[in-house]
Amino acid sequence: MLLLVGFVVMAEAHPHVFADVSVKAVFSQDAFTGVQNRWTFDEVYSAAMFASADENGDGKITGKEIDEVKRLVLDPLQQSGYFNYVTVESKFAPAQKIEGFSAAMQNGKLVLDFKVAYSIPATSEYTMLVIVVSDQTNYIQMTTDMENADVDAPDGLDVEFFPDEVRGLTLFRAFRSDTEGLFLRFKK
């Protein structure tokens with residue numbers, strides 16, 4: 001019986017879906033405004049989602065089908081900030097909403113593009129942020145390419161950033177040990 005319980009726990013601990021993720025930190029003249037996400041899913045999950053979403057059978061995800069993909073994939077993640085975690089001054093900042101959502105099939109893979117909106121004002125002193133995009137339950141194995149993360153900021157802001165592991169940061173103890181974040185500091 002104990003062996004059976006062990007197999008059940010192991011089955012829940014491994015990923016069922018795989019996504020390659022790229023991120024861009026987005027700023028306005030006066031604030032950090034969000035994280036632009038691009039999630040590219042594995043072929044198996046993509047095929048299943050496409051079969052569910054392509055209601056008119058035209059081989060594309062268009063119109064109301066895009067809304068259905070958002071409802072199926074992202075809406076259940078609202079409570080966890082859409083797997084976007086931003087810390088400010090050792091506290092998690094709340095995600096506000098999704099902006100600019102799009103979904104498309106590219107080379108047999110479902111690709112989602114969207115911005116998770118935040119509002120963190122810029123001041124004359126540096127504000128420190130850490131951005132992590134990860135499913136801490138490990139249901140979706142998210143491979144986030146923080147080495148190629150980008151920043152979109154106007155010339156009026158001083159923004160410095162670098163990728164690094166979040167191992168040792170108290171707020172991220174529940175995450176896998178190899179999770180990387182984008183470390184930023186910005187000021188006017």
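Worth saying up front: this structure is predicted, and the values here are computed from it rather than measured.
Between T40 atom OG1 and Q106 atom CD the span is 7.0 Å, to the nearest 0.5 Å. Atom CD of E65 is separated from atom CG of N56 by 4.0 Å, given to the nearest 0.5 angstrom. A distance of 9.0 Å separates NZ of K64 from CD of E55, quoted to the nearest 0.5 Å. With values rounded to the nearest 0.5 angstrom, S22 atom OG is found 8.0 Å from N37 atom CG. Distance CG/L72 to CE/M49: 4.5 Å, rounded to 0.5 Å. The distance from atom OG of S134 to atom CZ of F83, rounded to the nearest 0.5 Å, is 8.0 Å.
Side-chain rings of Y82 and F101 stay apart, their centers remaining 6.0 Å or farther from each other. Aromatic ring centroids of Y45 and F18 lie 6.0 Å or more apart. Separation of the F186 and F161 ring centroids does not fall under the 6.0 Å cut-off.
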For W39 and V111, what are the C-alpha separation, side-chain angles and deciding distance, and is it a side chain to side chain contact (heavy atoms under 4.5 Å, CB included)? CA-CA 6 Å; W39 294 5; V111 177; over 6 Å; no
Evaluation steps, side-chain hydrogen bond (donor to acceptor under 3.5 Å, both in side chains), between S28 and D30: CA-CA 5 Å; S28 69; D30 300 317; 5.4 Å; no
Report the C-alpha separation of F27 and D152 in whole Å, then their side-chain angles, then the decisive distance to 0.1 Å, and conclude whether the side chain to side chain contact (heavy atoms under 4.5 Å, CB included) test is met. CA-CA 6 Å; F27 292 84; D152 183 8; over 6 Å; no
Pair V35-V26, side chain to side chain contact (heavy atoms under 4.5 Å, CB included): steps then yes or no: CA-CA 6 Å; V35 181; V26 182; over 6 Å; no
Could you walk me through whether M146 and V23 satisfy the side chain to side chain contact (heavy atoms under 4.5 Å, CB included) test, starting with their C-alpha distance in whole Å, then the side-chain angles of each, then the deciding distance to 0.1 Å, before giving a yes or no? CA-CA 7 Å; M146 288 303 189; V23 300; 3.6 Å; yes
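Within a 6.0 Å sphere centred on CD of Q78, other residues, nucleotides and ligands contribute 12 heavy atoms or fewer. Around atom CG of N107, no more than 12 heavy atoms belonging to other residues, nucleotides or ligands sit under 6.0 Å away.
Between L157 and A122 the shortest heavy-atom distance is CD2-CB, 3.6 Å. Contact between E165 and S177 at its shortest, heavy atoms only, is OE1-O, 4.0 Å. Among all heavy-atom pairs drawn from G81 and V116, the shortest one is O-CG1, 4.2 Å. The two residues G59 and D54 make their nearest non-hydrogen contact at N-OD2, 2.9 Å. Pairing each heavy atom of D150 with each of L182, the nearest pair is O-CD2, 4.5 Å. Shortest non-hydrogen contact noted between A53 and V69 is CB-CG2, 3.5 Å.
The same ILVMFWY cluster, assembled from side-chain heavy atoms under 4.5 Å apart, contains both M142 and F92. Connection of L110 to V44 is not established within any shared hydrophobic cluster, with ILVMFWY side chains joined at heavy-atom distances below 4.5 Å, either directly or through further cluster members. With hydrophobic clusters built from ILVMFWY side chains whose heavy atoms lie under 4.5 angstrom apart, L171 shares a cluster with F183. When hydrophobic clusters are built by joining Ile, Leu, Val, Met, Phe, Trp and Tyr residues whose side-chain heavy atoms come closer than 4.5 Å, directly or via intermediates, V130 is grouped together with F162. When the side chains of ILVMFWY residues are joined at heavy-atom separations under 4.5 Å, either directly or via intervening members, M128 and Y85 end up in two distinct hydrophobic clusters.
Side chain of Q36 to main chain of F114: a donor-acceptor pair is present (N/O by atom type, distance under 3.5 Å, no hydrogens or angles). For T127 (side chain) and T123 (main-chain N/O), no donor-acceptor pair under 3.5 Å exists by modelled atom type. Side chain of T144 to backbone of V21: no donor-acceptor contact under 3.5 angstrom is found.
Looking at heavy atoms from C-beta onward, F32 lies in side-chain contact with L129 at the 4.5 angstrom threshold. Using a 4.5 Å cut-off on side-chain heavy atoms (C-beta onward), L77 and Q79 make no contact. Using a 4.5 Å heavy-atom cutoff, the side chains of R173 and T170 are in contact. Counting heavy atoms from C-beta on, the side chains of Y139 and V17 come closer than 4.5 Å. The side-chain heavy atoms of K188 and S124, taken from C-beta on, include no pair separated by under 4.5 Å.
A salt bridge does not link K109 to D42: none of the charged side-chain nitrogens sits closer than 4.0 Å to a carboxylate oxygen. Ion pairing between E68 and K70 fails under the 4.0 Å rule for side-chain N and carboxylate O. No salt bridge links E125 with K187; every basic N to acidic carboxylate O contact stays at or beyond 4.0 Å. Ion pairing between a basic and an acidic side chain is recognised when a charged N comes within 4.0 Å of a carboxylate O; R176 and D178 show such pairing.
N84 and Y118 share no donor-acceptor pair across their side chains, judged by distance under 3.5 Å alone.
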